[in-house]
Amino acid sequence: MSKELSRRELLKVLGAGSGLLLIHCGPVPPLPGTETDYDWEAHFWGYAIDTTKCIGCNACMRACRAENDVPEGVNRTWVERYRIDAHESVRVDIADKGDYVFEPVAGDVARAFFVPKICNHCEKSVCSQVCPVGASYMSKDGVVLVDHQRCIGCGYCVQACPYGTRYIDPRTHMADKCTLCYHRITRGLQPACVASCPTGARMFGDLKDPKSTLSTVLRQGRYRLLRPEMGTHPKCYYLGLDREVV
Amino acid sequence: MSGQLEKNDFRHTYRLIAVLVLFVVGAAFARWWAVPETFGQFGRYRGAAVASARTETVPRYVGEETCADCHEDQVELHDKDAHARVPCETCHGPGKEHAEAEGEAPIARPEGKGACLVCHQRLAARPGSFPQIEWREHYKFVGVADESVECTRCHDPHEPLYMDRDLRTARLHPMIHRCRDCHQGREDESLERPENHPPIFECSYCHGPIVEDFAGRTHASVRCTSCHIFFREDESTGRIIRDADPRFCLLCHRAADFRSDDAPPGIEWPAHREEMGTFPEDADKRCIDCHRENIHASEVSQ
């Protein structure tokens, strides 16, 4: 092996190797695979829920199931009914069986209300951080998604989520969750839960657009976040939330 | 040795370089084999997954505009009445298949009391300002004896209150009707007024003479807000609905086989109107144009 050849070979190999590496680091192309000219860097989606308007009809849950083919036994969004008696004892139930209808319950109630729950699409999402295979991620427009080709169903994300919004799909044994109806919002539609809410309790909008309804509502600052101490920076803003809800 | 380096003295360096080269090639191969295509394109995830998230599901909820393409009249009616804010597909379910088949594929038509009670069953957790009932109590109040009668015999789901009035142009009421936010009619509710109670804006606060006049007439037991329906829109505004078409009165006064003996007086419609000679020449005539004396004077000095 002569000295000159060895250097050439070395350069060739190094060149090929770094070429392979460079393939992964090119300029960022626009969002592929779509027929519309949707610019995902122009948006950052957020969500708000006015708990004083929720009537607990569960239309959101029905719409979510129909739109996203969510199997029985798990939920991407649900509505919690809080019943608090005079001694501040709290009872919470959900209606995710049968017709998803809340039935009247007997018993003393000092105050009662509904709290819709959904993935908070946290800016610093724990679920994405703990994923060992990079199957959970946040898109550039602020939606936490699951890559079903990468997920190995280890369930770390399900345990990590402080809001309990993830589940393992009993059919595919993979993690799944609310996508904020990514197939709808990137076509200019509202998520199915928002589109089906009869009282306007659920709001969806662009945090990057100062004129969006959501931004206008949030500018008033009269909202609360769920478990802000977790440092997850959730993007689901609650209006009129009772002090008992965390 | 005279300080001159022999060729063989570099052999250990060549070996080291060879090992490094092998390592780099091996690592590059391992990365190529283990890391999927487009991984890292946008971040620490597979770039192509974003496109699948957009395209692997197709929207099934098509929205009111699509419904209006064929059902324009129905949508227009719906937009005038109390259910204006309720999207079509909240009751009818996703409309994609129905719309694509141009109506050939069926759409859900919810039936039974349950379809209404899913929203209107009285629940402690429902906001007090939202209309909600115990249906047996309601049937008793309006004199329906037969419990098998469906809600839709009186209330058309598309225009449940027959308000002959576009919600968007209805009069904006300056007061906020907030009593029911706290007072939800529970049995254990205290009747003593606490010291820090907010000022009370009952209808009589501003409309005293009308309320007084009304108290002496046949409808005295009916609440103001049963006819002057108040829609709360947000924290500070609300709309009050006053005009209604004859079917609004018929909600209580329709003669029907399912009504009890002590029901409010029932009339045959539209026979009654023909009998009185106001039909069809005077089609715009409202019930209260003849029956004003039953409610309250239209002009009461304030």
Side-chain angles (χ1 to χ4, degrees), chain A residues 1 6 9-10 13-14 16-17 20-21 24-25 28-29 31-34 40 52-59 62-63 66-68 81-83 99 101-102 104 108-109 112-114 134-137 139-140 145 147-150 179 181-184 186-187 189 192 195-200, chain B residues 7 10 14 17-18 20-21 24-25 27-29 31-32 35-36 38-61 63 83 85-87 89-91 93-94 114 117-127 130 132 134 181 184 186 188 235:
Chain A
M1 202 199 265
S6 140
E9 268 187 9
L10 175 71
V13 168
L14 283 180
L20 270 175
L21 290 172
H24 299 280
C25 316
V28 178
L31 185 61
T34 53
W40 69 336
T52 64
K53 286 185 181 165
C54 179
I55 57 165
C57 66
N58 262 335
R62 268 178 228 107
E67 180 79 16
N68 297 297
R81 170 166 64 178
Y82 277 68
R83 286 176 298 133
D99 296 332
V101 174
F102 280 103
D108 291 341
V109 173
F113 48 88
F114 292 108
S136 276
Y137 60 96
S139 64
K140 286 188 192 295
L145 296 167
D147 178 355
H148 296 297
Q149 284 188 31
R150 291 292 290 166
T179 63
C181 281
Y182 201 61
H183 61 290
R184 292 177 65 88
T186 54
R187 286 173 165 93
L189 301 168
S196 64
C197 180
T199 63
Chain B
K7 203 177 174 185
F10 288 103
Y14 296 152
I17 288 171
L20 282 174
V21 166
V24 168
V25 172
F29 178 76
R31 195 178 193 286
W32 168 81
V35 176
T38 72
F39 196 95
Q41 189 182 11
F42 307 121
R44 213 185 70 82
Y45 56 93
R46 213 168 51 87
V50 185
S52 338
R54 286 193 68 181
T55 51
E56 69 193 8
T57 316
V58 180
R60 294 187 66 209
Y61 281 74
H83 280 166
R85 269 188 260 157
V86 183
E89 290 162 299
T90 298
C91 298
L117 292 173
V118 64
C119 291
H120 294 291
Q121 163 69 44
R122 187 187 295 156
L123 290 180
R126 291 217 153 111
F130 185 79
Q132 43 192 310
E134 288 293 351
D181 283 356
Q184 306 193 352
R186 297 198 194 95
D188 58 345
E235 291 304 314

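Note on naming: letters A, B, ... go to the chains in the order of the sequence lines (proteins, then strands), and numbering restarts at 1 for each one.
Both the backbone and the side chain of A:Ile55 come within contact range of chain B, judged by heavy atoms closer than 4.5 Å. Looking at A:Ala66, both its backbone and its side chain come within 4.5 Å of chain B, counting heavy atoms on both sides. Only the backbone of A:Cys197 has a heavy atom closer than 4.5 Å to any heavy atom of chain B. In this structure, no portion of B:Ser52 lies under 4.5 Å from any heavy atom of chain A. Proximity to chain B (any heavy atom under 4.5 Å) is shown, for A:Arg83, by neither the backbone nor the side chain.
Judged purely by atom type and a 3.5 angstrom limit, B:Arg46 has no side-chain atom pairing as donor or acceptor with the backbone of A:Gly134. Put simply, the side chain of B:Gln121 never gets that close to the backbone of A:Pro104: no donor and acceptor are under 3.5 Å apart.
Note that OG1 of B:Thr55 and OH of A:Tyr182 are 11.0 Å apart. Values are rounded to the nearest 0.5 Å. Rounding to the nearest 0.5 Å places SG of A:Cys57 at 7.0 Å from CZ of B:Arg126.
Nearest heavy atoms, A:Tyr137 versus B:Val50: OH-N, 3.5 Å. Considering all non-hydrogen atoms of both residues, A:Thr199 and B:Arg85 come closest at O-NH1, 4.1 Å. A pairwise comparison of heavy atoms in B:Thr90 and A:Ser196 identifies OG1-O, 2.6 Å as the closest pair. Counting all heavy atoms, side chain and backbone alike, A:Ala63 lies closest to B:Tyr61 at CA-OH, 3.1 Å.
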Take B:Leu123 and A:Phe114, measure what side chain to side chain contact (heavy atoms under 4.5 Å, CB included) needs, and give me the verdict at the end.
CA-CA 10 Å; B:Leu123 290 180; A:Phe114 292 108; 3.8 Å; yes
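For the options A:Arg150, A:Arg184, A:Glu67, heavy-atom pairs under 4.5 Å to chain B are most numerous at A:Glu67. Ranked by heavy-atom pairs shorter than 4.5 Å toward chain A, the options B:Pro94, B:Gly114, B:Ala27, B:Pro59 are led by B:Pro59.
Aromatic ring pairs are classed by plane angle as parallel below 30°, tilted from 30° to 60° and perpendicular above 60°; the pair A:Trp40 and B:Phe42 is perpendicular.
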